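These numbers were taken from a predicted model, which means no experiment stands behind them. Numbers restart at 1 for each chain; the letters A, B, ... are given by sequence-line order, proteins then strands.
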Amino acid sequence: MPEQTPPSAVVVDGLERVFGDTRAVADVSFSVVRGAALGIVGESGSGKTTVARMLMGLLRPTSGSIQLAGVDRSAPPRTEGERRERAREIQMVFQDPYGSLDRRQTASAALTEVLRLHANLSRQQRDERVRELGDLVGLDKRRLDSLPRALSGGERQRVAIARALATGAPTIILDEAVAALDVSIQAQVLNVLRQIREATGVTYLLISHDLAVVRYLVDDVVVMKAGAIVERGTAAQVLASPEHAYTQQLRDSVPRPNWRPARRTREGAA
Amino acid sequence: MAPLLSVEGLVVDLPVRGPTGRTHHRIIDGVSFDVAPGEAVGLVGESGSGKSLTLRSVVRLLPEGAEVRGSLRFADADVLTMNRKQLNALRSSGVATIFQDPRAAVNPMRTVGDFVLEGPVRAGGRNRDEVLREALGLLTDVGIDRPEQRLRQYPHELSGGMLQRIVIAAAILSRPQLLLADEPTTALDVTTQSDVIAILDEQRHERGLAMVFVTHDLDLAAAICDRTCVMYAGRIVEDQLSSTLHDAPQHPYTAALVAARPVLDIDAGCELPVLRAIRGRPASAYEAPSGCPFEPRCNHAEPACSATRPPEVNSGCSRVACFRASELRGILALEVETHA
């Protein structure tokens, strides 16, 4: 085929991580092309957060390799310079925006600090960029000049997203990033995340247990169980007609009208 | 049938320390609902809606200095005038309560077994061996393997999910008539959540356990409760049969909540719609305007909506507090259509 494959943002190959006797991540491979969005679905202990921590360079893989934008990043950064470099390649947004923001720092001060560290801009250019980032995530001047405590949960999460974008990192890991938000606020943030991807071509890795959120935000999905990938495919296909029994079980566990959940234990005992 | 629990005109003010000294904030602003024996009622709402505090009021688990008005009756006894001894009896035998964080319910210095067995043994009627046998069966039912060993362990040795299932088993073990559950499955994995819901469901059908279930998840409430009360700014804005709430909401807020959630079942190849976010943020009772509390965020508001507070209007099995409810019915059904 003459069509060129777009360059990869993230390539993970044969990734493994062992803690003592436990294999938290076992032979995990996936790749995400630039500008795409991959969902990692699984429950506690499935290894999804361990994968994210290795991608961020917070944890050394026992074996396997990680490439970010074509460059080998299997090992965690060792020096301050390397850490800064990694921060410009990949960023993470967590579930609790309150815990990841400095409570004495306004949103614009937080963004300015990141820009000073990661971008070579004049003061005027920096102010301009803070405004741009605010526009992108839907925070006006008044909100940007507020301390975290004066912001709602959704607004704080927008600050965290803007801060990740400020580093210029082309890839962002969203670790349950909308899970703690009120329904009406969650919809605002989900729309913002979609708009940002369209406007900037950023790559998302979405870690989530909420299948409807996954369906809304990503193209492809991998399902993890006990450290390994058990199913993969497009979000539309995997979530609509799962083939693996575990994915099926996750699907069946989503509350819906006339939902009569069956107990796994009683089935086993019968 | 006489209601098991009857809440009428509940108003709760909580003390806050402001710049001008101590003052009170209204959190619950006139909540009324009944729970029949064996019935499950969902209280659904966002932050600040007062759903958790409503639940806590039922067993008077309120912060120091809270001011409560209205009427709270359980099995025809007036809860608000109970003395400490009567309250203890209410909490240990009639009404069991479970919260989102199981670590807040257990004593970290004592074994899980002490926690599980103490209440039912103290309540009398059964000896320790009898209760132990029942406890082991229940723990197996909620998916706890090696239950004998778990009972010898301390809370910090167990995961949150496992501890929550133990707390729920302990609540059921005391054979309450009413279970108050405040986001009991929010911190659990979805497959564990469905186990827990299945167990609560069995208890309801086998023993006629009544339940008040507080959650932010409208789908979850609708799936497991007979009736769902949607709360906003310390009031119930809609009270409806769960079976019809999702497809035929009567309050614009309920419809907006349904429409704001992304949908799981969308055909491949279909363009994903932009979610209908609700503008602004949820308000608490003390910061809500004097008219309809939802008016500033409502797409259907008219000038009259901000003038006075809409009364709760009963019709058949439902109750709604919206001036425009009857004329909006068809429009709201259309708004949630893609979510059916």
Thinking salt bridges, do A/R256 and B/D265 make one under a 4.0 Å N-O criterion? no
Tell me, yes or no, whether the heavy-atom count around B/E287 atom CD, taken from other residues, nucleotides or ligands under 6.0 Å, exceeds 12. yes
Other residues, nucleotides and ligands only: do more than 12 of their heavy atoms fall within 6.0 Å of CZ on A/R103? no
How many angstroms lie between CG in B/L275 and CG in A/N191, if you round to the nearest 0.5 Å? 4.5 Å
Gap separating the NE2 atom of B/H216 from the CG atom of A/D182, nearest 0.5 angstrom: 8.0 Å
Where does A/Q195 contact chain B at under 4.5 Å (heavy atoms): side chain, backbone, both or neither? neither
When you compare the side chain of [Y] with that of [X], does any pair of heavy atoms fall below 4.5 Å?
X	Y	result
A/V254	B/V190	no
A/L217	B/P262	no
A/R215	B/L272	yes

Quick one: list whatever passes side chain to side chain contact (heavy atoms under 4.5 Å, CB included) with A/R142, sequence neighbours left out. A/D140
So, the part of B/R297 with a heavy atom under 4.5 Å from chain A: the answer is side chain
Is there any residue in residues 196-210 of chain A with a non-hydrogen atom under 4.5 Å from a non-hydrogen atom of chain B, and which ones are they? A/H209, A/D210
Contact leader toward chain A among B/L264, B/D201, B/L245, where contacts are heavy-atom pairs under 4.5 Å: B/L264
Would you please test B/E46 and A/S184 for side chain to side chain contact (heavy atoms under 4.5 Å, CB included) and show each step? CA-CA 8 Å; B/E46 300 185 283; A/S184 65; 2.7 Å; yes
Determine whether a donor-acceptor pair (N or O, by modelled atom type, separation under 3.5 Å) exists between the side chain of [X] and the backbone of [Y].
X	Y	result
B/D189	A/S44	yes
A/E43	B/T191	yes
A/Q188	B/G280	yes

Just checking, any donor-acceptor pair under 3.5 angstrom between side chains of A/Q186 and B/R261? yes
If you look at every heavy atom in A/P255 and B/Q193, which pair is closest and at what distance? CG-NE2, 3.6 Å
For chain A, which residues from residues 218-226 of chain B lie under 4.5 Å away (heavy-atom distances)? B/D219, B/L220, B/A223, B/I224
Residue set satisfying ring pair (Phe, Tyr, Trp, His ring centres under 6.0 Å) with A/Y216, at least two apart, ordered chain then number -> none
